[in-house]
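Just below is one structure, and these are the notes that go with it.
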Amino acid sequence: MAVEPLSKKDVEERLQELPGWSTDGDRITRRYTFDGHFQAAAMVIHIAQIQEELNHHSDLTLGYSTVTLAVNTHSVGGKVTGLDVELARRIEAVAPGHGAR
């Protein structure tokens with residue numbers, strides 16, 4: 001599947017459907033908070049499963065009660081693509097089940 005960079009306008013429009021996600025340079029980012037470490041760690045495992053399904057792996061940081069993502073596509077020079085937005089969409093869909101805020 002060919003993956004092409006999105007324009008900044010396209011990225012901003014697509015992120016309107018993903019509350020909490022924002023742009024940071026050439027990446028889209030999101031920080032989730034949880035009631036404790038176990039919930040945050042469980043979310044990381046679920047994100048890793050989604051990344052494997054898409055064969056698309058982002059920077060993912062686990063804190064005590066936080067999970068932070070920074071997402072872009074390395075194969076197109078570190079720009080944001082539709083694949084990044086799809087990853088964000090899938091993560092956003094499972095986040096409430098983990099108690100993410």
Side-chain angles (χ1 to χ4, degrees):
M1 172 167 105
V3 178
E4 299 293 327
L6 298 173
S7 70
K8 289 189 185 279
K9 180 181 176 188
D10 286 340
V11 172
E12 290 171 6
E13 287 175 359
R14 292 180 188 206
L15 290 186
Q16 289 178 7
E17 299 171 10
L18 296 167
W21 286 85
S22 60
T23 57
D24 180 12
D26 286 334
R27 311 179 292 181
I28 57 174
T29 62
R30 175 74 154 95
R31 182 174 189 218
Y32 293 99
T33 58
F34 302 85
D35 288 335
H37 185 69
F38 184 81
Q39 292 85 359
M43 179 71 169
V44 167
I45 297 302
H46 204 152
I47 292 170
Q49 290 172 328
I50 294 166
Q51 290 173 335
E52 283 296 309
E53 289 170 9
L54 292 174
N55 192 29
H56 189 56
H57 305 86
S58 63
D59 291 337
L60 178 61
T61 304
L62 172 63
Y64 171 74
S65 60
T66 61
V67 173
T68 306
L69 293 115
V71 183
N72 61 12
T73 302
H74 301 287
S75 64
V76 295
K79 304 292 183 185
V80 177
T81 68
L83 187 56
D84 300 310
V85 176
E86 176 62 15
L87 176 61
R89 187 188 67 72
R90 290 190 188 191
I91 291 169
E92 200 63 26
V94 301
H98 291 281
R101 316 184 278 285

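Excluded from the calculations below are hydrogen atoms, water molecules and symmetry mates; all remaining heavy atoms, backbone and side chain alike, are included. Throughout, residue positions are numbered sequentially from 1 according to the sequence presented.
For the atom pair CG (Asp10) and OG1 (Thr81), the distance works out to 11.5 Å, reported to the nearest 0.5 Å. In this structure, CD1 in Ile47 is found 5.0 Å from CG in Leu60, a value given to the nearest 0.5 Å. Here the CG atom belonging to Leu83 is positioned 10.0 Å from the CG atom belonging to Leu6, to the nearest 0.5 angstrom. The distance from the CG atom of Asp84 to the OG1 atom of Thr73 is 3.5 Å, given to the nearest 0.5 Å.
Arg14 pairs by the side chain to side chain donor-acceptor pair (under 3.5 Å) definition with nothing, not counting sequence neighbours. Thr68 pairs by the side chain to side chain contact (heavy atoms under 4.5 Å, CB included) definition with Arg31, Thr61, not counting sequence neighbours. Thr23 pairs by the side chain to side chain contact (heavy atoms under 4.5 Å, CB included) definition with Val11, Leu15, Ile28, not counting sequence neighbours. Asp59 pairs by the side chain to side chain donor-acceptor pair (under 3.5 Å) definition with nothing, not counting sequence neighbours. Residues meeting the side chain to side chain contact (heavy atoms under 4.5 Å, CB included) test with Ala42, sequence neighbours left out: His98. Listed by chain and residue number, Arg27 satisfy the side chain to side chain donor-acceptor pair (under 3.5 Å) test with Asp24 (two or more places apart in sequence, or in another chain). Gln51 pairs by the side chain to side chain donor-acceptor pair (under 3.5 Å) definition with Ser58, not counting sequence neighbours. The salt bridge (Lys or Arg N to Asp or Glu O under 4.0 Å) check on Asp35 picks up Arg101, with sequence neighbours excluded. Remark: Glu86 engages Leu54, Arg89, Arg90 in a side chain to side chain contact (heavy atoms under 4.5 Å, CB included) (not counting sequence neighbours).
Heavy atoms of other residues, nucleotides or ligands lying less than 6.0 angstrom from CD of Glu17 number 12 at most.
Contact detail for Glu92 and Pro19: the closest heavy-atom pair is OE2-O, 3.7 Å. The minimum heavy-atom distance between Gly63 and Ala40, with the atom names listed, is O-CB, 4.4 Å. Minimum interatomic distance between Ala88 and Leu18 (heavy atoms only, all atoms of both residues): CB-CD1, 3.8 Å.
Among pairs with a residue in residues 60-84, those fulfilling ring pair (Phe, Tyr, Trp, His ring centres under 6.0 Å) read His37-Tyr64, at least two apart in sequence or across chains. Applying the salt bridge (Lys or Arg N to Asp or Glu O under 4.0 Å) test to residues at least two apart or on different chains, none of the pairs has a partner in residues 61-70. Every pair tested for ring pair (Phe, Tyr, Trp, His ring centres under 6.0 Å) that includes a residue from residues 75-97 fails, sequence neighbours excluded, so the list is empty.
For the pair Asp26 and Lys8, the minimum side-chain heavy-atom distance is below 4.5 Å. Taking the side chain as every heavy atom from C-beta outward, Val85 and Trp21 never approach each other to under 4.5 Å. Side-chain contact check for Lys9 versus Glu13: some heavy-atom pair is nearer than 4.5 Å. Using a 4.5 Å heavy-atom threshold, the side chains of His56 and Val71 count as touching.
By the rule that hydrophobic residues join a cluster once side-chain heavy atoms approach within less than 4.5 Å of another member, Met43 and Phe38 end up as members of separate clusters. Under the 4.5 Å side-chain contact rule for hydrophobic residues, Val76 and Leu87 do not share a cluster.
Without hydrogens or angle criteria, Gln39 side chain to Gly36 main chain gives a donor-acceptor distance under 3.5 Å.
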